[in-house]
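Read through the structure below, which is laid out as structure tokens, and then see the notes.
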Number of protein chains: 2
Amino acid sequence: MSKKLRDWLLSVGLKRTKPRLLVLDILHKNEHFMSADDIFVKAKKVDKSISLSTVYRILESFVEKEIVSPVTLEYSKHLLYELKHETHAHHLICLSCKKVIHVHNCPLESFEKQMGDQYDFKVKNHKLEFYGLCSACQAKENAS
Amino acid sequence: MSKKLRDWLLSVGLKRTKPRLLVLDILHKNEHFMSADDIFVKAKKVDKSISLSTVYRILESFVEKEIVSPVTLEYSKHLLYELKHETHAHHLICLSCKKVIHVHNCPLESFEKQMGDQYDFKVKNHKLEFYGLCSACQAKENAS
DNA sequence: GTAGGTGCAAAGAGTTTGCATACGC
DNA sequence: GCGTATGCAAACTCTTTGCACCTAC
């Protein structure tokens with residue numbers, strides 16, 4: 001695990017405990033949004049003794065310290081989590097494998113302003129997700 | 001309740017029972033996304049005898065028959081529901097009163113194509129929500 | 001009259017909390 | 001060493017299911 005990732009905890013005032021580093025590592029390595037239970041299952045493979053309630057508590061503290069963002073998606077009834085990115089980003093989400101591609105540009109500034117004017121609505125932020133098939137899953141679909 | 005709304009049930013093959021008409025009416029009258037429990041609380045005021053499990057079953061059947069869309073939002077951990085609209089629409093959601101304004105135009109077609117080309121990602125649909133303050137809540141905020 | 005819908009109660013998931021022990025700083 | 005974090009078990013909340021009765025067609 002990178003030093004940068006390890007130091008992130010200290011810099012927000014959280015002790016570097018074994019379970020926290022583990023959760024951080026799992027979120028960092030994964031290219032999917034993950035539920036508390038997804039993370040727990042992966043964590044259990046590395047550290048048999050970790051408890052699900054610890055995972056919940058860690059996620060809660062990470063969200064509070066803004067290390068992690070909670071995400072709700074069309075295809076899942078559960079709250080999911082992702083490591084926070086430095087920059088504003090949108091998502092391409094594969095309906096088949098659930099992989100998430102981050103898109104670091106945003107076409108919405110002018111539309112946002114237009115909405116604000118038309119409805120007298122003051123936009124604070126927005127959420128944009130595209131659902132579809134990633135390159136690999138398109139290939140799989142064509143093959144079958 | 002409008003005849004159109006009442007006939008909607010029959011036209012998708014659902015009997016017009018009292019609890020179904022009630023749920024339909026509540027969803028129709030409300031300008032917010034609602035959870036199963038939100039709907040149950042409102043329904044209870046009209047019909048004391050309605051049961052929460054009935055509300056869950058009704059919502060399940062409405063989603064299956066595509067009368068209702070399930071929605072997940074940034075500010076709520078629960079699955080919410082809205083009556084389906086005839087046309088593709090996006091949402092302006094007030095962070096204060098949770099009112100939902102429907103926007104029937106969409107700036108994303110060209111961006112969608114661009115994303116598809118750039119990442120070899122075949123977009124099937126997308127979800128766009130703006131979060132902010134509606135006209136009334138801006139006024140309230142300025143007054144306080 | 002019959003198939004399907006409903007209310008109630010109980011079961012099942014998912015999430016949170018209390019408490020004694022363990023660990024990072 | 002102190003204060004916080006953890007694991008475990010129990011509590012709590014949300015959602016689903018089984019069953020007997022009821023109702024729309």
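No hydrogens, no waters, no symmetry mates; every other heavy atom, side chains included, goes into these values. In what follows, every chain begins at residue 1, and chains take the letters A, B, ... in the order their sequences are listed.
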- [ ] Output yes when B/Asp25 and B/Lys29 qualify as a salt bridge under the 4.0 Å nitrogen-oxygen rule, no when they do not.
- [x]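 Salt bridge between B/Asp25 and B/Lys29, a charged N being under 4.0 Å from a carboxylate O: yes.
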Open item on the list: Over the length of the helix from C/dG1-D/dC25 to C/dC25-D/dG1, how much do the five-pair end axes diverge, rounded to 10 degrees?
Closed with: 50°
- [ ] Could you state whether B/Ile67 and B/Tyr81 fall into the same hydrophobic cluster, counting links through intermediate Ile, Leu, Val, Met, Phe, Trp or Tyr residues with side-chain heavy atoms under 4.5 angstrom apart?
- [x]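 Yes, same cluster.
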TODO: Encode nucleotides 7-16 of chain C as B, S and - characters from 5' to 3', where the letter depends on protein heavy atoms closer than 4.0 Å: B to the base, S only to sugar-phosphate, - to neither.
DONE: BBB----SBB
Pairwise distance [atom1]([X]) to [atom2]([Y]) - rounded to 0.5 angstrom:
X       : Y       : atom1 : atom2 : result
A/Trp8  : A/Leu14 : CH2   : CG    : 11.5 Å
A/Ser51 : A/Arg57 : OG    : CZ    : 6.5 Å
A/His28 : A/Ile26 : NE2   : CD1   : 13.0 Å
A/Ile50 : A/Ile58 : CD1   : CD1   : 5.5 Å

Task: Sequence neighbours excluded - ring-ring contact (aromatic ring centres under 6.0 Å, His included) pairs with any residue from residues 105-144 of chain B - done: A/Phe111-B/Phe130, A/His126-B/Phe130, A/Phe130-B/Phe111, A/Phe130-B/His126, B/His88-B/His126, B/His90-B/His126
Open item on the list: I'd like to know whether NZ of A/Lys127 has more than 12 heavy-atom contacts from other residues, nucleotides or ligands below 6.0 angstrom.
Closed with: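 More than 12 heavy atoms, drawn from other residues, nucleotides or ligands, come within 6.0 Å of this atom.
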Task: Residue B/Lys122 excluded, over 12 heavy atoms near NZ under 6.0 Å - done: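 Open.
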TODO: Could you tell me which residues satisfy side chain to side chain contact (heavy atoms under 4.5 Å, CB included) with A/Tyr56, sequence neighbours excluded, listed by chain and number?
DONE: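 A/Tyr56: side chain to side chain contact (heavy atoms under 4.5 Å, CB included) contacts with A/Ala36, A/Leu52.
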Open item on the list: I'd like the 5' and 3' limits of the part of DNA chain D contacted by chain B, with heavy-atom contacts below 4.0 Å.
Closed with: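 Terminal contacting nucleotides, 5' to 3': D/dC14 to D/dC25.
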TODO: With a 4.0 Å heavy-atom cut-off, tell me which residues in residues 5-16 of chain B come close to DNA chain C, sorted by residue number.
DONE: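 By residue number: B/Lys15.
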Task: Between A/Asp37 and A/Ser35, a side-chain donor and acceptor under 3.5 Å - done: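 No.
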Task: Short side-chain to backbone donor-acceptor contact, B/Arg20 and B/Lys15, under 3.5 Å - done: yes
